Structures are given as structure tokens and as C-alpha cells.
Protein chains: 2
Amino acid sequence: MNSKPRYQQVKDYVLAQLESGALQAKDRVPSENELVEKMNVSRMTANRALRELNDEGLLVRIAGVGTFVADFKATSHVLEVHNIADEIKRRGHEHAALVLQLSRQHARGEIARALQLGQGEDVFHILVVHRENDIPIQLEDRYVRAMFAPDCLEQDFAVITPSAYLSNISPLQEAEHSVQAAMPNAAVTRHLRMKAGEPCLLVMRRTWSRGLPVSFARLHHPGSRYELTGRFAPANSGNNEYTQFSELGRREQ
Amino acid sequence: MNSKPRYQQVKDYVLAQLESGALQAKDRVPSENELVEKMNVSRMTANRALRELNDEGLLVRIAGVGTFVADFKATSHVLEVHNIADEIKRRGHEHAALVLQLSRQHARGEIARALQLGQGEDVFHILVVHRENDIPIQLEDRYVRAMFAPDCLEQDFAVITPSAYLSNISPLQEAEHSVQAAMPNAAVTRHLRMKAGEPCLLVMRRTWSRGLPVSFARLHHPGSRYELTGRFAPANSGNNEYTQFSELGRREQ
DNA sequence: GAGTGGTCTAGACCACTTT
DNA sequence: AAGTGGTCTAGACCACTCT
């Protein structure tokens, strides 16, 4: 029954004191050697427990000084931006994609800047509507550096997501996101079947591969049907370490 | 010069193969014992390297089988929701808060549900406008379980952020967020000095302490002036492990 | 049975800050 | 000098999977 690893037991012991309030922010946490004695573990095991709690942001460790309760557990929480097709499937719903446009263009203005292209370098322009159970849920307006994806025009993006296609070509290594509220133009309104006056949740994403920005996407979502959600909870007694899940969710009601 | 810890050298060795493309998604990564021989380290050191890369989501380990390159490195990226006052100060700007309302109320409808209160249990209602260099940037509409914060009415929320006040009372342990685009009502429009027809980026946040939801907040931000941004980048050669930063940013231009 | 990851130990050396 | 965290090792036992 006490099958939990020893380092996890040490973590639980410390976590319990955090949660009970016995240890407050900036308080000193038992040192590795103190835990070695109290919990009858080796120092490597105590070290792993405290190091992981440090990595998780709950503790702050200072070599030569000690280990302390971190200050701002509550201030910085996490949202994740997922692949839309995976999200839909994870909800057990049907994903369908409709390709509205797939062409090669010269990069101009914002696109050229976002992808760090010289004016006139080529990009592929992909415009796809993603549907969940036939309800439009995302308009993907994506530009891809042409040099990076020479066979882009031959893809069927109704079958393979542009995002999946890109990460197949080469591992993507960096991403940058921004989320904002914006009013859609007429075309976006139409493609997402939105009511007039309804705002969009607009996610902009840039991805890098080997130091070069290779893709820039504007992901429009109808404000009435979508939200980005996240939950953040240290696992008290039972589970592993942290439960962090979130989803690009279709609003239920 | 080669002062980097051995486990980090092992991580770098594996990372280099991920980044060069020598190892693709689902490929098998050298086992701990293979790394022990190739890198001249002990197995504990090889184990730490692979375990950390696993924790970071880059590798998948299966006991009895092997270690493999993770599948969807690019699909799930992170945004963080920060404390507004800290964010403003971090940008070197001036934060000011104007308290519009501070009162005790009976919980009804959505508020009672969100805080899991019986109809009629009391909440404190806090309404504050946060300004960055005198420009309204967030309307905080917050409800706090009355039992949790008996001295709430005596606080000066122009000086201490409600969020900071709450985490002073007791460590907050769980948080739930949703981000959506919505049209503001007339009062929100006025308090944030928004143009007619401009949408809001609306962050809703619930926080828990010791298993009870203690606070529910609607954070309205003018769509034209705010966005939530995030960046995600594994540190290739030089740095620690991961660089994950993000901010609730005032849009620059 | 050979190989894998998962864990644990007892001891070690180091650089650092505190007293 | 004593205490702290940071790292590393050589060996060990286990449960598991694959062949």
C-alpha cells in the first residue's frame, strides 16, 4: 500500500505543510540533511524531492543558504494553446476541415515582417475553416515560408492539419503566441457563420525551426462559441506532481 | 570552460540530435546504459538527463521498452496569466487602481454557483479599475467568499491588489481560468474608456484555498489595448532547460 | 534471459554563505 | 568551522517487455 516512491513521500510531506499553512511564503523548509534524518532516506532522495518542488515553482533553493517557500504561487498561471484538430477529437467530436485557399504569394507588409522575409520572397497562403460537428470553430489563416515547405501545394489540408504537416517536415523549436479580442471583417464573419457584432478570439502564432520563423498564423474563433481555458492545481495527496491541463474549448452552453 | 554539469552535457547531446533532425519524432533515443558508455557518466546521471527531458515533454519513456522522441512537440504551448499590477510595474510603468465599489452582498445566480455557495450566503464585491500610466487597462469585477476574508471591507484596494490581499490571507492552491472575447456592456465600456463596438478580452478566474473556491473574478480588458502573449523555446545549446516567459501585455502600437 | 526504465543508497567532492 | 545546496558515482534491487 505504501508503494509510493520515497522521493514522492518526501514531496508529500513538504506539500502537506504548505497546504496546511504550517509553512508560509518565504519560510524556511527543512534542509536535505534534516529530511534525511526525519524521513529515513538518503540525501539523493531528499535532494530529488526538493529539487522537483523547486522546478515546479513551489520552493526556492539557494546554495549555501537554504530552501524556502516560493513567494507568488498564485500570480502566474498557465494556459495552453493546443492543436485544434486534436482538441476536437479529444472531446470525442468530429473534426472536419474545409480548404478555402491554397496558393503561392509574394510576401508583403505584416507577413513579410512576421516571417522576416525580404519584400517579394514567396510564401504559401493557406486558408482553412475547421469545424467541430459541422459547426465552424476556427478560421486558420496561415502563411508559410516557401523555402521551408516546397511541397506545400500538393498537400490536402482537409486531411492533414497545416500544423501537423509543418511539424512533420522538421521539428518546430520555438513558438510565439498572442491572444486578443478583435472584431472580424466580413469574410471572417461569413466563414465562421457569426452574427453581426460578435467579436473574435484571435490567436496569432509564429513558429520557428532552426532559428528561422517558418510560419505565421492568425486563428480566428467565434467569441460566442470558443474560449481558452486552463486549470492549475498542485496534487495534494494522491497524484503525481502537478496537474496542468487546459484546452481550447468549445463553450458548452 | 566545460563547467556545465554532466547531466546537462548529456541533455545537450540529445537535444543536439533533436534539433539537427538526426532524431525524428518517435525515434528511439539512446538508452541509459548506452549513454553511460558513450558519455562516460554514471547511470544516475544519464537517468537524470533523460528524466528531465521527459519531464519537459521532449521525450517519452516507457519502462521495459525504451526512450523515444515525443510526438507533438509543437502542439501545446503555454500562456501565463499574471497579476496585473506586477505586469505593469515590470514594464516600468505606473500602476494605479481606482476602487469603484466595495460592499457585502448576498450571492446569487452565477456568483453563488461559481463559488459553490448556498443562495443567500454572503460575498464581498470588489470593483476596481487598473490603470497603466493613467490609461484604463483592466476592470476587475471580483467576488470573494465572505467567510474567507472577514476584514475585506477594511482594505484599501487602491494600495493592495485584491489578488495580493487574498494570497496574503492564505496560500491559494488552485486556479481556473478562461479567456474569451466578448462585447462589454455600457458600464464596462465607460469604465475602460472604450470606443463603441470595441470588444473585450475577458479573463475569468476562480481560485481555491484548501479545497474551497474563495474568489471569482471577471477581468475585462479593452481589445484594442491588450493582449495575452507567450513564448516557448527550448534552450538549444547555451542555457538551462526551458525558457518560458509571457506577459499580459499592453499592446505597443 | 537480456534489456529497459524506476528507484534507492552511502559516500564523496565542490562552491558557497553564515557564524 | 559548520551548514547548505549541486553534483556525481558504483552498485544495487525491482517490475516490466521483448525475443
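What you are looking at is a predicted structure, and each value in this text was computed from that prediction instead of being measured. Convention: sequence-line order gives letters A, B, ...; per-chain numbering from 1.
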Starting from [atom2] on [N], measure out to [atom1] on [X] and report it in whole angstrom.
{"X": "B:Glu34", "N": "C:dA2", "atom1": "CD", "atom2": "P", "answer": "17 Å"}
{"X": "A:Asn47", "N": "D:dT4", "atom1": "CG", "atom2": "C1'", "answer": "11 Å"}
{"X": "A:Glu37", "N": "D:dG3", "atom1": "CD", "atom2": "P", "answer": "11 Å"}
{"X": "A:Glu52", "N": "D:dG5", "atom1": "CD", "atom2": "P", "answer": "16 Å"}
{"X": "B:Leu50", "N": "C:dT4", "atom1": "CG", "atom2": "P", "answer": "12 Å"}
{"X": "B:Arg51", "N": "C:dC8", "atom1": "CZ", "atom2": "P", "answer": "10 Å"}
{"X": "B:Asn54", "N": "C:dG6", "atom1": "CG", "atom2": "C1'", "answer": "11 Å"}
{"X": "A:Gln9", "N": "C:dC8", "atom1": "CD", "atom2": "P", "answer": "8 Å"}

Exercise. With A:Phe157, which residues qualify under ring pair (Phe, Tyr, Trp, His ring centres under 6.0 Å), at least two apart?
Worked result: A:Tyr165
For this session: Please name all residues satisfying side-chain hydrogen bond (donor to acceptor under 3.5 Å, both in side chains) with A:Arg142, sequence neighbours left out, ordered by chain then number.
Result: A:Glu140, A:Ser215
Exercise. How would you list, by chain and number, every residue that makes a side-chain hydrogen bond (donor to acceptor under 3.5 Å, both in side chains) with B:Ser42, sequence neighbours excluded?
Worked result: B:Thr45
Problem set entry | Where protein sits on nucleotides 9-19 of chain D, one letter per nucleotide: B base, S sugar-phosphate only, - none, heavy atoms under 4.0 Å | BBBB---BB--
So, is [X] near the phosphate of [N], with a side-chain N or O under 4.0 Å from OP1 or OP2?
{"X": "A:Arg48", "N": "C:dT7", "value": "yes"}
{"X": "A:Asn33", "N": "D:dT4", "value": "yes"}
{"X": "B:Thr67", "N": "C:dG5", "value": "yes"}

Tell me whether [X] is salt-bridged to [Y], with the criterion being a basic N under 4.0 Å from an acidic carboxylate O.
{"X": "B:Glu34", "Y": "B:Lys38", "value": "no"}
{"X": "B:Arg51", "Y": "B:Glu56", "value": "no"}
{"X": "A:Arg225", "Y": "A:Glu132", "value": "no"}
{"X": "B:Arg48", "Y": "B:Glu52", "value": "yes"}

Seminar exercise, completed: From the candidates C:dG6, D:dG5, C:dT4, the one with an atom nearest any side-chain atom of B:Arg61 is C:dG6
For this session: Please determine, for the side chain of A:Tyr7, which listed nucleotide (C:dG5, D:dG5, C:dC8) has the closest atom?
Result: C:dC8
Problem set entry | Contacts of type salt bridge (charged side-chain N to carboxylate O under 4.0 Å, His left out), residue B:Glu32, not counting sequence neighbours | B:Arg43, B:Arg61
Problem set entry | Bracket string, DNA chain D, 5' to 3' - pairs by Watson-Crick or G-U geometry under 3.5 Å, | interstrand | |.||||||||||||||||.
Exercise. Does the pair B:Asp12 and B:Gln8 meet the rule for a side-chain hydrogen bond (donor to acceptor under 3.5 Å, both in side chains), with working shown?
Worked result: CA-CA 6 Å; B:Asp12 289 346; B:Gln8 186 61 51; 3.0 Å; yes
